[in-house]
Amino acid sequence: MKLYPQGRVPFHKFVPRKQMEYNFKDIEKKWQQYWAKNKTFHTETHSSKPKYYVLDMFPYPSGTGLHVGHPLGYIASDIVARYKRLHEFNVLHPMGYDSFGLPAEQYAIQTGQHPAVTTEQNIKRYREQLDKIGFSFDWDRQVKTSDPKFYKWTQWIFLKLFNSWYNPETDKAESIDTLIEKFKSERLTPNPSPKERGAGSWDIMNEKEKSNVLMNYRLAYLSEAWVNWCPALGTVLANDEVKDGVSERGGYPVERKLMPQWSLRITAYAERLLKDLDTIDWSESIKEAQRNWIGRSEGSSLTFRLTPNPSPKERGTAAGKNSGYETADKLIWAELKEFSRENRKTSTEAEAILWERVRDSKLGYKIRRQHAIGQFIADFVCLEKKLIIEVDGEIHSEQKEYDETRTAILAKAGYRLIRFTNDEVITKADWVCDEIKKALDLPLSFGEGERGGEAIEVFTTRPDTVFGATFLTLAPEHELVEKITTPEYKKAVDEYVHYAKNRTERERQTDVKKVTGQFTGAYAIHPFTEEKIPIWTGEYVLAGYGTGAVMGVPAHDTRDFAFAKHFGLPIKKVIEPNSPSPLEKGQGDEAECFDTYDGKCINSDFINGLDVKDAIKKIISEIEKRGLGKGQVNYRMRDAIFGRQRYWGEPIPIYYVPDEASAKSGGNGIPKAVDEKDLPVILPEVDKFLPTETGEPPLARASSTWKYKGKYEYEKTTMPGWAGSSWYYLRYMDPQNDKEFVSKEAVNYWKQVDLYIGGSEHATGHLMYFRFWTKFLYDIGCIPFTEPAQKLINQGMIQGESRLVYRLFFRSGKDFLNRGIENTEKYPKLYLSYNIAKRVLNNSYSPNDLREMLVKQFGESILSKHIVTDSLFVLWTNVDIKFVNGSILDIDRISREDSNFSNTDFLLENGLYICGEEVEKMSKSKLNVVNPDEMCDKYGADCFRMYEMFLGPLEQSKPWNTNGITGVFNFLKKLWRLFDLTPNPSPEGEGNTAGKAELKILHKTIKKITEDIERYSFNTCVSTFMICVNELTDLKSAKKEILEPLVILISPFAPHIAEELWQKLGYTESVTFARWPKYDRQLAADDTFAYPVSFNGKTKFNIELPLSLTKEEVEKQVILSEETKKFLHGNQPKKVIVVPGRIVNVVV
RNA sequence: GCGGGCGUGGCGAAACUGGCAGACGCACCAGACUUAGAAUCUGGCGCUUAACGGCAUGUGGGUUCGAGUCCCUCCGCCCGCACCA
């Protein structure tokens, strides 16, 4: 046992001698218990007070617990919450857990431990850590996303999404029923997507077909989609969950895979998500990130026809046997031809009327009459727009069944159908023509177009450069690639497509510079010049953006340029820049290719000489006039993949009803929404958290009794991590409600989040979905606002200060690395102190120098252990910061406690081992984690809170350095001691009337603290408190009149000590219920001001003058002063500038 | 490549609307109390100069009586997006 001289004990064993000593441990424990017992921060929704909602981003309770970086935002929000309470706001300041998620599941897979169990443990630990810091959360409102009482409502919102579509006319989400009504009432059949050609006229569609059509509109829908598949995690990931081609969690490779997926139609909200950014007070960087993510671009679509009557050489048999208008089934062609001739002769009156009105492209499109398609004959057809017009007369009335089959088959071929009765055509032909025109003007879906889909539609933001288009490029996934490829290129194209499709996202992204592509052998006709241009496929064109096809304008697009250069395609300049810089300055590539909006069109026929902007307008109107395409807005954003092939998430409340069609194709049946009253669909138990042997998601392992209504299969994928966090803020308003996700009353009172604090890493993920769901819930009338959070602050990241140690090997690095890292085991361990290692690394030490140093420190015997060779290799690794004091490594301790450093020699400098330093992300793997509990134990929660704020501006990232905390600790002790000066702290005691000087200090502090909290400048608040306490200490002032408001001011920052002092001042109720002190301008005002007097802007001296003086009086005083004369050197001042209360500047 | 942000002592930073650059704190130095350390207190602390003074907010220029702050040029760092036509 170590003995200490009488009365002296080390700090950490300090026992307070005086009762008045600042004993933060007791104080903090006392008040934390008091708050919990008295429910001091309980929040009622019924209140006449104004509301204030301050929210922290939902934490995911990870297994590693909180480090000092996490609470930064929580402390800031807690300060605001407490501050607002003191202003008599009714404050909602809740906390809960985003408790579904991948890490718990990964852990479950490794250990077999149920994720619910580990999640509960983690939550418990989080709660303990949070409680130690003294937050004013209303814990009665806590929510957990993995709680069925919570996810019942997540599922409920999903059902709402499933049962809604986005109506572009009203520009909002509506019930899917309104769409069905539309389909029923309109003559036009739903436009089937290329992947869902099961559709026909609504009433005659079967269940499956209806379901498929509606899937194209539902806001939550199932579709075959290219997804980010992560084999290591066994699940798909949303775009924002993939960074640099690897998964954000875990960093595993991600591949592209086509599979059926649940998605949310966030793209329907793209425009509103973009536009409404202007209405919210979020940081510019986040808004900009969202704008980029949405990626709006204006341009035009443009259709390129393929070359007509292609020679066999160009087209060949593989490209399609029939020419454009021969759409009929070959086998029965002859028969049909006869039949159609017959029909034409015997056409009805209505058909004749209509023919006169549509023939000769009168409606802008070529329409054919009695044309055979497949096995059927259409009354009228526009092949270009794939529209069939039927006029129902007596002939067809008894053929209903035949018609139904026909409609379905035609729809499968991609045709839409519009029907009229004889009567309609005869009595209101104008109206009929209008309807036909409307249907013709609708854009075709992807891949459709003239001649059975063999025209290519491109999207371009620069239609003005169309005359410079010298080739077309299709994405390798584009469905036309296969169709148009000529036989002699088939092999090459197939190989190329195979290569491109099998590259991972990562590969694609890492060699973006590499130009790859393949000519298809086919040619398109330039819509304006009629020139023949080659069609290529290349992976620089993305399938998912625009139409998956581009026109190559190598002279004015760098990617097209690279492609053209690489494959020797022609380059045609069509823009003359206004400023010659790009041409003259540019060398090589730049001279040939420039991308500018500042120029005039050349070599461009009818747009020659126009400015780019005007040219764009002109050419779009021309494109529209000629029916080649139209002005269009495109978004980079894709729909959000919503299903995860994982266990630990909300089950998607969908079940499947078997049907014949699906059974034949091996499908799942018709997806149906679980009835609202059957929610929640509880996450079933499974034996293992892995996919099944057949590759089904883990939920397929649930017992065979896990079926909807006892017989229907449930959907087996679960929701992604961001589902719960997209709406959780609403649940806090009414967390116990089992009738609604939130009551109208609660949401009408609390409304938006007033202040939202969290990390900027959520810019394009959570914060986007959060806004999307809010807008949706607004559309369907559930909530009265369209943005979830008015103000957002992104706290900076607190980085760790890592410590590095340097291991020396007498081997060459190359040799070493070749043999692999596991070989390190067999080398004796030798570490070099920082400055020695540095010198070895920059080759200023020879092996001989090291030998000398080794011998000097360890003696000759060391050489038998470390064989000094000519090769040196240094490997550095992080070392746990708990073994390091400043930058000095505690060698004894690390050798004892860390087996990696047993039997290790440390080559020292000046008798010490100095570590290298590096600032990097605080994480367990870097061994640089600082734990908040440790800080609270050592210095107290109040000190920890204030120090976190003192570090710097909230938004700024900064490294954690525990050293500085003593300054704040000293301040708190000084504050405490200030109260010891009070002779008698009773409310009416003597010596409580403050003097002018003290009042001035107080009121300056009130002003500054109030202003700084309002602008979230918490670091300067802490400085202000320090200045205030220093000044009061200097005055030896401890008047109740001063201390009382001071305690209130500091209570949001250091609540425990404030409560204790508040009690010492004689109060029995919590300081939470006090009122914020009022700033009195009179009391804070100075009488005089020491004017800095400068000459030509350089300050020379100060002169103390009354503030009551006017400009002229100040000038007079300054001119008259002795000092001024000295600096004037006898010259006359040219001019004197006086800013009252600020400065005097004399111009000489 | 595009977009956003930022460059101030040995360190974290302050200076909000153009008006005394470096407040407040850390570290450091000196002193007091101590056998010593810890704690506490006092003083010093941008660079340069013996001093008067001079020079200093990434670089160079501009606007202004006056610039860390506004404008332009270049350099460097951080973050986000990235063959998005």
Side-chain angles (χ1 to χ4, degrees), chain A residues 4-5 8-12 14 243-244 283-293 295-297 299 458-462 465 473 508-509 511-515 538-542 544-553 556-560 562-563 595 634-638 760-761 763-764 794 796-797 886 947 950-953 955-968 970-971 973-974 977 1008 1011-1012 1015 1017 1019-1020 1022-1027 1030 1090-1102 1133-1137 1139 1141-1148:
Chain A
Y4 298 98
R8 304 190 182 282
V9 286
F11 176 61
H12 65 275
F14 192 80
K243 290 260 147 77
D244 300 323
S283 77
E284 208 36 58
S285 63
I286 293 277
K287 287 196 198 181
E288 205 48 44
Q290 296 216 339
R291 285 186 197 113
N292 282 338
W293 190 259
R296 182 184 200 274
S297 57
V458 304
F459 173 74
T460 175
T461 54
R462 293 298 299 271
T465 62
T473 313
R508 271 204 171 193
Q509 285 181 9
D511 27 84
V512 154
K513 293 258 149 57
K514 192 168 140 195
V515 179
E539 63 177 336
Y540 83 98
V541 179
L542 305 178
Y545 184 75
T547 59
V550 302
M551 60 178 197
V553 185
H556 306 291
D557 181 288
T558 50
R559 295 152 308 188
D560 294 340
F563 197 77
D595 181 1
N634 250 323
Y635 300 94
R636 199 180 67 87
M637 185 165 67
R638 310 289 148 81
S760 56
E761 66 273 22
T764 50
N794 298 114
M797 202 189 3
Y947 183 56
F950 187 61
L951 279 174
E955 278 114 320
Q956 204 165 298
S957 286
K958 53 238 155 186
W960 178 266
N961 178 357
T962 303
N963 285 340
I965 201 169
T966 55
V968 175
N970 288 343
F971 156 75
K973 283 191 284 193
K974 218 166 163 179
R977 256 181 275 126
K1008 179 96 174 118
E1011 284 172 0
D1012 286 0
R1015 63 189 178 103
S1017 172
N1019 54 330
T1020 51
V1022 180
S1023 300
T1024 305
F1025 284 125
M1026 287 174 170
I1027 294 166
N1030 285 347
Y1091 278 93
V1093 180
S1094 54
F1095 291 80
N1096 292 338
K1098 294 211 189 300
T1099 309
K1100 297 297 179 184
F1101 62 92
N1102 286 349
K1134 236 192 215 160
K1135 196 175 169 190
V1136 178
I1137 287 136
V1139 183
R1142 287 261 161 149
I1143 199 170
V1144 178
N1145 190 18
V1146 183
V1147 187
V1148 194

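This structure is a prediction, so every number in the text was calculated from the model and none was measured. Throughout, a chain's letter reflects where its sequence line sits, starting with A, and its residues are numbered from 1.
For the pair Lys973(A) and rA39(B), the criterion of a side-chain N or O lying under 4.0 Å from OP1 or OP2 is not met. Taking side-chain N and O atoms only, Asn970(A) has a distance below 4.0 Å to OP1 or OP2 of rU40(B).
The ring pair (Phe, Tyr, Trp, His ring centres under 6.0 Å) check on Tyr1091(A) picks up Phe1089(A), with sequence neighbours excluded. With sequence neighbours left out, the ring pair (Phe, Tyr, Trp, His ring centres under 6.0 Å) criterion links Tyr540(A) to Phe563(A). Every residue two or more places apart in sequence or in another chain that forms a ring pair (Phe, Tyr, Trp, His ring centres under 6.0 Å) with Phe1095(A) is listed here: Phe1127(A).
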Spell out protein contact along nucleotides 76-82 of chain B as letters: B when the base is contacted, S when just the sugar-phosphate is, - when no protein heavy atom is under 4.0 Å; keep the 5' to 3' order. ----BSS
Counting primed atoms, P, OP1 and OP2 as sugar-phosphate and everything else as base, the B/S/- map of nucleotides 8-15 of chain B against protein heavy atoms under 4.0 Å is ----BSSS
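A distance of about 30 Å separates the P atoms of rC78(B) and rC26(B), rounded to the whole Å.
If you check every strand for non-hydrogen atoms under 4.0 Å, Thr1024(A) touches nothing. When heavy atoms are screened at a 4.0 angstrom cut-off, Arg638(A) is found touching base atoms of the nucleic acid.
Residue Glu288(A) places its side chain closer to rG4(B) than to any other of rG25(B), rU40(B), rG4(B).
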Filtered N/O pairs between nucleotides 17-22 of chain B and protein, under 3.5 Å:
none

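Using a 4.0 Å cut-off between charged side-chain N and carboxylate O, Arg291(A) and Glu288(A) make a salt bridge.
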